[in-house]
Structure formats: structure tokens, C-alpha cells
A.B. asks: 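Handing you this structure, nothing more for now.
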Amino acid sequence: MPITNTLDLETLSARMDAWVTESRSKRGRLVRAFRANLGNSADLQAARLALLVGYAEKAA
């Protein structure tokens, strides 16, 4: 399922799986916060997802 013109859901998921193990990187912390739903806020989750999509597109 395409998310953007250059990124699909499978690619984003694979990159997030790789980033989650990066203990000291911003994107690793961001993935862990997204998956744990820290703050229990839809607005925070949307912002986190937007940042993650941006990181994934840069890596492409």
C-alpha cells in the first residue's frame, strides 16, 4: 500500500524495524515512542508518523 509516491507501507515497516534497535538515535527513540503510544495522544502519534515517513523518504 503506497504512503507517498516513493514509499510504501512494507518499506516503512522494514525501516522502522531496523531503526528500533538504534538505541542512541533520534529515529530509534521515535519508533519506540510511536510503537508504545507514549502520551496516548492521536496528535502526538500523527506527528511521530509524519517524522518517521520523512526519515524513511530521505533513506530512499
Side-chain angles (χ1 to χ4, degrees):
M1 168 185 272
I3 297 173
T4 67
N5 289 337
T6 59
L7 183 68
D8 61 12
L9 184 58
E10 292 80 20
T11 304
L12 176 62
S13 180
R15 290 187 178 148
M16 287 174 63
D17 288 342
W19 297 335
V20 76
T21 60
E22 297 177 358
S23 61
R24 304 190 91 180
S25 74
K26 183 177 180 180
R27 61 188 185 188
R29 289 190 300 267
L30 192 57
V31 170
R32 289 188 296 279
F34 178 77
R35 289 186 174 170
N37 193 14
L38 294 180
N40 196 26
S41 165
D43 291 337
L44 282 175
Q45 288 295 83
R48 290 176 183 135
L49 185 57
L51 287 170
L52 288 167
V53 166
Y55 280 125
E57 285 186 322
K58 285 180 189 174

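It should be emphasised that the depicted structure is a prediction, and the values quoted were computed from it without experimental measurement.
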A.B. asks: Any chain of hydrophobic side-chain contacts (each under 4.5 Å) joining Phe34 to Leu44?
C.D. replies: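 No; tracing contacts between hydrophobic side chains, which count when under 4.5 Å, never links both residues.
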
A.B. asks: Answer yes or no: is there a side-chain heavy-atom contact under 4.5 Å between Leu12 and Leu49?
C.D. replies: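 Of all side-chain heavy-atom pairs linking Leu49 with Leu12, at least one is under 4.5 Å.
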
A.B. asks: Can you find a pair of side-chain heavy atoms, one from Tyr55 and one from Lys26, that are under 4.5 Å apart?
C.D. replies: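 They are in contact (side-chain heavy atoms under 4.5 Å apart), so the answer is yes.
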
A.B. asks: If hydrophobic clusters are built by linking Ile, Leu, Val, Met, Phe, Trp and Tyr wherever their side-chain heavy atoms come under 4.5 Å apart, do Leu38 and Val31 end up in the same one?
C.D. replies: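 The answer is no; the residues belong to distinct hydrophobic clusters.
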
A.B. asks: Mind checking salt bridge (Lys or Arg N to Asp or Glu O under 4.0 Å) for Arg27 and listing every partner two or more places apart, or none if nothing turns up?
C.D. replies: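 With neighbours one apart ignored, the set is Glu22.
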
A.B. asks: Rounded to the nearest 0.5 Å, how far does CZ of Arg15 lie from CD of Glu57?
C.D. replies: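 Spacing of CD (Glu57) from CZ (Arg15) equals 9.0 Å.
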
A.B. asks: Going by the rule salt bridge (Lys or Arg N to Asp or Glu O under 4.0 Å), which residues pair with Arg29 if we only count those two or more places apart in sequence or in a different chain?
C.D. replies: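 Testing Arg29 for salt bridge (Lys or Arg N to Asp or Glu O under 4.0 Å), a comparison that skips the adjacent residues, returns none.
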
A.B. asks: Can you tell me how far CG of Asp17 sits from CZ of Arg35, rounded to the nearest 0.5 angstrom?
C.D. replies: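 Here the rounded value is 4.5 Å.
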
A.B. asks: When rounded to the nearest 0.5 angstrom, what distance separates OG1 in Thr21 from CZ in Arg32?
C.D. replies: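 One gets 8.5 Å once the value is rounded to the nearest 0.5 Å.
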
A.B. asks: Do you know the tightest heavy-atom contact between Ala33 and Gln45?
C.D. replies: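 In terms of heavy atoms, the two residues are closest at O-OE1, 3.9 Å.
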
